[in-house]
Amino acid sequence: MMEDNNKNSDSSKGGIGRREVIKSLATIPVLGAFAYGWYKKRNYEKFLKESILENINLEAVNPVFERKVSNNKQIRLGIIGTGGRGRALLKGAGFLRPEIIDDWKKGASENETDHRYRDYLEQEDLNVIVNGLCDIYEGNADKGLRACANIYREGSDGKMGSKPKRYKTYTELLAADDIDAVIIATPDHWHGTISIAAARAGKHIYSEKPMTWSVDETYEVVKAVKENNVVFQLGHQNRELESYYKAREAIRKGIIGKVNLIEITTNRNSPTGAWVYDIPEDAGPDNIDWNQFIGPAPWHDFSLKRFFRWRCWWDYSTGLSGDLFTHDYDAMNQIFDLGIPHSAVASGGIYYYKDGRTVPDVLQMAYEYPERDLTLLYSASLASNKRRGRTIMGHDGYMEVGSNLKIFADSGSTKYREKIREGIIDPSVPVFSYTPGMKKVDAITSPTEQYFAGRGLLYTYRGGKRVDTTHLHIKDWLDAIRTGSQPSCNIDRGFEEAMTAHMGTIAYRENRKVFWDPDKQLII
Amino acid sequence: MKQKYIDYSKVQLFWLVALRVLIGWHFLYEGLTKLINPNWSSVGYLLDSEGFLREFYISLAGSPTSLAVVDFLNIYGLILIGLGLILGLFTRISTIAGILLLALYYLSHPPCVGFKYALPTEGSYLIVNKVLIEMVALAVIFVFPTGRKIGIDRLICRKNKND
């Protein structure tokens, strides 16, 4: 066509002739072809999406969280244990050491994408005050006190509030009448004992996981919490992750069919990840209350390693089972209402960190739920970073759950057989993917988008809003106290978590299959 | 803006216009797909940048305002350049804008030794990638202009002459 037009290039010199117009507009038909192609392609994509959504009947919207108002009544807190985790909880409650804020401010001034300071300032004010603090190591107590005094979220040059009262023992702290609720972030062997005492003193409790160190005290904690009518929250902040709510919905709708296997894993490969923490140079018997540290544990002479790396010894710890498995278990309990399993077996060993520890660094635990026809499998290594994630496997599909959620159809699925054959569903591409914070949920997304979504890169900076799950979990607890309701990881969920973890630990340590007797509520 | 008149043979003109229109098609489609995807944002691409302008690209992603501007300019830039090249409308300015946009893409993700990207590429490249080739093709379009021969620019040009 263009060549035809060209033949008459010199005609109509005066006005605008017909050929002139044709030459000017010769490429317009290309737009028509474009529009037709566009229409066909969009229609095909719409057809694919609708065909998939017929089966994947999930609401294409983010789950809505009804957040209650935090701001009506000030709650007076006490904190027992201000080591690394205790201070992270203080941050979630709105108290951070001024030195850290200095660092974050500096970071933000050097790098525009460093939003830690801004995110922290945006964290909601929970209207709490810390009136009492207890830690048996001076260094941690001092850091905790300075964090608690920083009520205006200022750097070192800013205005501070008054420091809370420091108690030498948790019993004195629990006796204080200017404390309504306590955060317990001690080593594992103290969780139960302090929770029982706190409940009896009428204090509401936020306890770090696992709920207990021994089986027997587990019953006592439940009894004390229920009898004294206090609000108990167990520190599984995963309860606040949106993707788990979406996963729960997907399971309830049977999108991946009958689930027969759940695989959860821990994959770490660093000294810190394996609990080999740095030991402060100034620490020694004169600034650590060793007798109080030992508490319910068997006696051992003073040891800096045991004090700072307590997670490595059964004497104070619950090992991989209590420390890391419990988070994943609780996530699955949140999605499936699993409860306590029928039985547990375990194996593993100390295969890499031969540093005198007694807890294993490689551990496998298999829990059976025969009534639900499924196995919960946990596999952990503290000396390999190979990411294995959390996978829920069903006959019709499988689901990968993290901060994002991806659902894949299984190539052998009965339910999706036709659609896989017709090429509508591709088993190698997620049929559903959910990224929290996205404006909407898509049935299929482009490979690039998938790639970034999988790494949590996609929406991190848009609108700049990132919220700390620990903060939300503390808020959930405070809201429950204010409204007299139950928090998301309450005492019943805590009982299930503790018993399940203990079953695995016993199976490993005694090298036998362990059973749960639901009638007698006993591990046998 | 004085353009030197170049006489093309029919075959030369055909392939030059074809090249212009195809590049226009590509721009238009890239722009429209971004426009209709409510979740599209340049943030991932910007944050994935390497090379000597890395800091600049990352800073663009740093604030919601600058990101919104980048997204807007990118989407409508692609669409307008695409339409311009297909229709031969404001062909010179569309070509220059296209070259600039492609240069920005190229400099954000130069395929040089030692740079690693999270963003998957659809081919294997060393220094030269398809972005660079498309950019050079546009440079060819620029030095061998066709808008006033086949395109709406012909009409505009004539009108101006008559004035």
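The sequence lines fix the lettering, A, B, ..., with proteins before strands; numbering per chain opens at 1. FYI, side chains are in, hydrogens and waters are out, and symmetry mates aren't considered; it's all heavy atoms of this structure.
When B/L89, B/V21, B/I36 are compared by the number of non-hydrogen pairs under 4.5 Å with chain A, B/I36 comes out ahead.
Residues B/F142 and B/R92 share a closest heavy-atom pair of CZ-NH2, 3.7 Å.
In terms of modelled atom types and a separation under 3.5 Å, the side chain of A/Y120 and the main chain of A/G94 share a donor-acceptor contact.
Ion pairing between a basic and an acidic side chain is recognised when a charged N comes within 4.0 Å of a carboxylate O; B/E134 and B/K130 show no such pairing. Between A/R390 and A/E400 there is no salt bridge, since none of the side-chain N atoms of the basic residue sits less than 4.0 Å from a carboxylate O of the acidic one. Between A/K246 and A/E249 there is a salt bridge, with a side-chain nitrogen of the basic residue lying less than 4.0 Å from a carboxylate oxygen of the acidic one.
Interface remark: B/T65 contributes no atoms to any contact with chain A (heavy atom separation under 4.5 Å).
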Take B/Y29 and A/K41 through the test side-chain hydrogen bond (donor to acceptor under 3.5 Å, both in side chains) and record every step on the way to the result.
CA-CA 11 Å; B/Y29 186 73; A/K41 187 164 183 194; 2.7 Å; yes
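Taking the six-membered ring for Trp and thresholds of 30 and 60 degrees, B/Y76 and B/F72 have ring planes inclined between 30 and 60 degrees apart.
Among the residues in residues 99-111 of chain B, none has a non-hydrogen atom closer than 4.5 angstrom to a non-hydrogen atom of chain A.
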